[in-house]
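For reference, the structure discussed in these notes is given below.
Computed from heavy atoms alone, side chains included, the values below leave out hydrogens, waters and symmetry copies. Note that ligands are numbered from 1 as they come in the structure, with each ligand's atoms numbered from 1 the same way.
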Amino acid sequence: MQELDVIIIGGGPIGIACGLEAKKQGLQYLIIEKGPIVNSLFNYPMNMQFFSSSEKLEIDGIPFISHEAKPKRNEALEYYRRIVVSNDLDINLFERVLSVKKERDTFHIQTEKDGYRAKNVVVATGFYDLPNTLGIPGEDLPKVSHYYKDPHFYASQKLAVIGASNSAIDAALESWRKGAEVSLIIRGPEVGTRVKYWVRPDIINRIEEGSIRAHYNSTVKEIRKDSILLNTPEGEIQIENDFVLALTGYRPDFDFLEKLGIELSKDDKRLPTYDPRTMETNIKGLYLAGVICGGLETHKWFIENSRIHAPIIIEAIKKDCTTKNQGDRSI
Ligand SMILES: Cc1cc2nc3c(=O)[nH]c(=O)nc-3n(C[C@H](O)[C@H](O)[C@H](O)COP(=O)(O)OP(=O)(O)OC[C@H]3O[C@@H](n4cnc5c(N)ncnc54)[C@H](O)[C@@H]3O)c2cc1C
């Protein structure tokens with residue numbers, strides 16, 4: 001089995017940026033992705049519009065042309081797919097990485113299909129796979145989802161949206177516009193302050209005019225077949241309900257990181273340990289890239305500010321490979 005210079009786990013925008021940079025620098029590399037190309041983006045809401053303008057989502061300076069200044073999900077799929085295909089990147093799709101073990105200077109990567117060896121590993125697995133659950137009775141009912149896809153599904157239905165961030169507000173507005181009767185359940189006293197600046201007035205106006213019912217300072221106590229039970233400042237109330245979208249955020253796969261031996265901070269942020277100059281973790285040759293770096297601070301890193309990880313990491317790996325090769329020649 002050939003030993004590669006680097007294996008990149010995760011074929012999201014940042015994993016792809018790392019692969020592209022590795023190819024440009026002449027490294028032997030492979031990206032391993034458990035789903036399709038940019039799996040997280042593929043699973044985003046159908047009509048989702050990025051808050052970043054398209055040039056801020058570009059990797060390696062490859063122009064990203066979109067109809068409006070801020071691209072839609074479909075345009076981003078097109079952009080990242082074209083990068084993979086036209087650069088003929090080495091990427092194995094629909095292959096989940098199960099474990100990574102280091103013996104001496106070699107990483108052994110086991111997937112559900114095969115085994116690989118590499119001198120370095122980049123973990124770019126994002127956080128979109130694991131939703132923050134509510135831990136309440138009824139959360140496992142089939143009418144409850146932690147992912148929102150298409151508003152058509154909720155037309156003429158009583159929909160409860162839990163959350164106050166961009167995902168929740170987009171879902172509430174879109175579904176209401178397609179004929180759903182929407183209730184928003186918000187833990188705090190207001191709509192999230194990080195909601196896109198052009199969307200926030202829209203939701204506030206819809207709430208004020210009574211089109212969308214908002215329950216502030218409220219939490220869901222229980223989800224039942226035809227209703228939900230809320231804890232509100234006015235006491236416990238029950239509202240009729242057909243579907244629940246619990247859009248309360250997502251978290252990185254900490255078990256996976258810990259199994260790899262990556263140290264996490266002991267505070268509630270669970271920040272993984274890495275050197276920001278190289279993105280190398282506490283394990284030599286094991287790097288972190290993209291949103292995974294933020295631990296539970298999932299808003300800290302996004303495509304716009306983490307695409308820089310790719311050149312930083314590949315430069316560090318290239319330096320290390322060059323030093324090792326020189327060492328091998330002098331033996
Ligand atoms: C609704 C929404 C809107 C957003 N809008 C913006 C925006 O406007 N601008 C912006 O900059 N950012 C935005 N973001 C954030 C942005 O999408 C993420 O920051 C970006 O996807 C991070 O890229 P990544 O490559 O680090 O992680 P991801 O895109 O999550 O990629 C990780 C990949 O790893 C794969 N993977 C996970 N585990 C394994 C495994 N064990 N084996 C193999 N593969 C694995 C996953 O399938 C996934 O494809 C938004 C996010 C959301 C949810």
At what distance is the nearest protein heavy atom to atom 28 (P) of ligand 1, and which residue and atom is it? S40 OG, 3.5 Å
Flag, side chain of S53 to backbone of E55, donor-acceptor distance under 3.5 Å: no
Could you tell me which atoms of ligand 1, counted from 1 in the order shown, lie closer than 4.0 angstrom to a heavy atom of G290? 26 (O)
Verify the ring-centre separation between F42 and Y80: is it less than 6.0 angstrom? no
Note: E103-R117 ion pair, threshold 4.0 Å (strictly below): no
Which is closest to atom 51 (C) of ligand 1 by heavy-atom distance: Y250, Y80, F302, Y44? Y44
Closest to atom 32 (C) of ligand 1 (heavy atoms only, candidates S167, A310, A124, G10) is A124
Considering only non-hydrogen protein atoms, determine which one is nearest to atom 20 (C) of ligand 1 and report residue, atom name and distance to 0.1 Å. I303 CG1, 3.5 Å
Among all protein non-hydrogen atoms, which one is nearest to atom 10 (C) of ligand 1, and what is the separation to 0.1 Å? S52 OG, 3.5 Å
Using a 4.0 Å cut-off to any heavy atom of V291, which atoms of ligand 1 qualify? 18 (C), 19 (O), 22 (C), 26 (O), 27 (O)
Record the part of N305 in heavy-atom contact with ligand 1 below 4.0 Å; permitted values are side chain, backbone, both and neither. neither
Without swapping roles, check the side chain of E139 against the backbone of L134 for a donor-acceptor pair under 3.5 Å. yes
Any idea which atoms of ligand 1 are less than 4.0 Å away from a heavy-atom of D129? 37 (C), 38 (N)
Across all chains, not counting sequence neighbours, the ring pair (Phe, Tyr, Trp, His ring centres under 6.0 Å) partners of F153 are F243
Using a strict 4.0 Å cut-off to heavy atoms of E304, name the atoms of ligand 1 that fall inside it. 11 (O)
Donor-acceptor pair, side chain of N39 and main chain of L93, under 3.5 angstrom: no
Which protein non-hydrogen atom lies closest to atom 31 (O) of ligand 1, naming both residue and atom, and how far is it? G12 CA, 3.4 Å
At under 4.0 Å between heavy atoms, is it the side chain or the backbone of I9 that contacts ligand 1, or both, or neither? side chain
Numbered atoms and elements of ligand 1 in range of R96, under 4.0 angstrom, heavy atoms: 41 (N), 42 (N)
What I want to check is whether the side chains of S227 and Q238 have a donor and an acceptor closer together than 3.5 Å. yes
What residue and atom, counting heavy atoms only, is the protein's closest point to atom 48 (C) of ligand 1, and at what distance? E33 OE1, 3.4 Å
Considering all heavy atoms, the nearest V291-S306 contact: N-OG, 4.3 Å
Starting from atom 27 (O) of ligand 1, find the nearest protein heavy-atom neighbour and note its residue, name and distance. G126 CA, 3.5 Å
Closer than 3.5 angstrom, by distance alone: can the side chain of S54 be matched with the main-chain N or O of F64 as a donor-acceptor pair? yes
Mind checking whether F302 and F51 have parallel, tilted or perpendicular rings, split at 30° and 60°? perpendicular
Check for me whether L41 has a heavy atom closer than 4.0 Å to any atom of ligand 1. yes
Taking NE2 in H152 as the centre, count heavy atoms belonging to other residues, nucleotides or ligands within less than 6.0 Å. Is the count above 12? no
Could you tell me whether R200 atom CZ has more than 12 heavy atoms of other residues or ligands within 6.0 Å of it? yes
With a 3.5 Å distance limit and no angle check, can you tell me whether K119 reaches the backbone of T106 through a side-chain donor-acceptor pair? no
Numbered atoms of ligand 1 (with element) below 4.0 Å of T125, judged on heavy atoms: 32 (C), 34 (O), 37 (C), 38 (N), 39 (C)
Please report whether ligand 1 has a polar contact with F51, defined as an N or O pair separated by less than 3.5 Å (distance criterion only). yes
Option of least heavy-atom distance to atom 2 (C) of ligand 1 (set: M48, R73, K34): M48
Could you tell me the residue and atom name of the protein heavy atom closest to atom 25 (O) of ligand 1, and the distance to it rounded to 0.1 Å? I14 N, 3.1 Å
Give the atoms of ligand 1, by number and element, whose distance to some non-hydrogen atom of L57 is under 4.0 Å. 9 (N), 10 (C), 11 (O)
State, with a plain yes or no, whether a side-chain heavy atom of I169 is found less than 4.5 Å away from one of K196. no
Which residue owns the protein heavy atom closest to atom 42 (N) of ligand 1, what's the atom, and how far is it? V97 N, 2.9 Å
Would you mind listing which atoms of ligand 1 come within a distance below 4.0 Å of any non-hydrogen atom of N39? 47 (O), 49 (O)
Side chain, backbone, both or neither: which applies to I32 and ligand 1 if a contact is any heavy-atom pair less than 4.0 Å apart? backbone
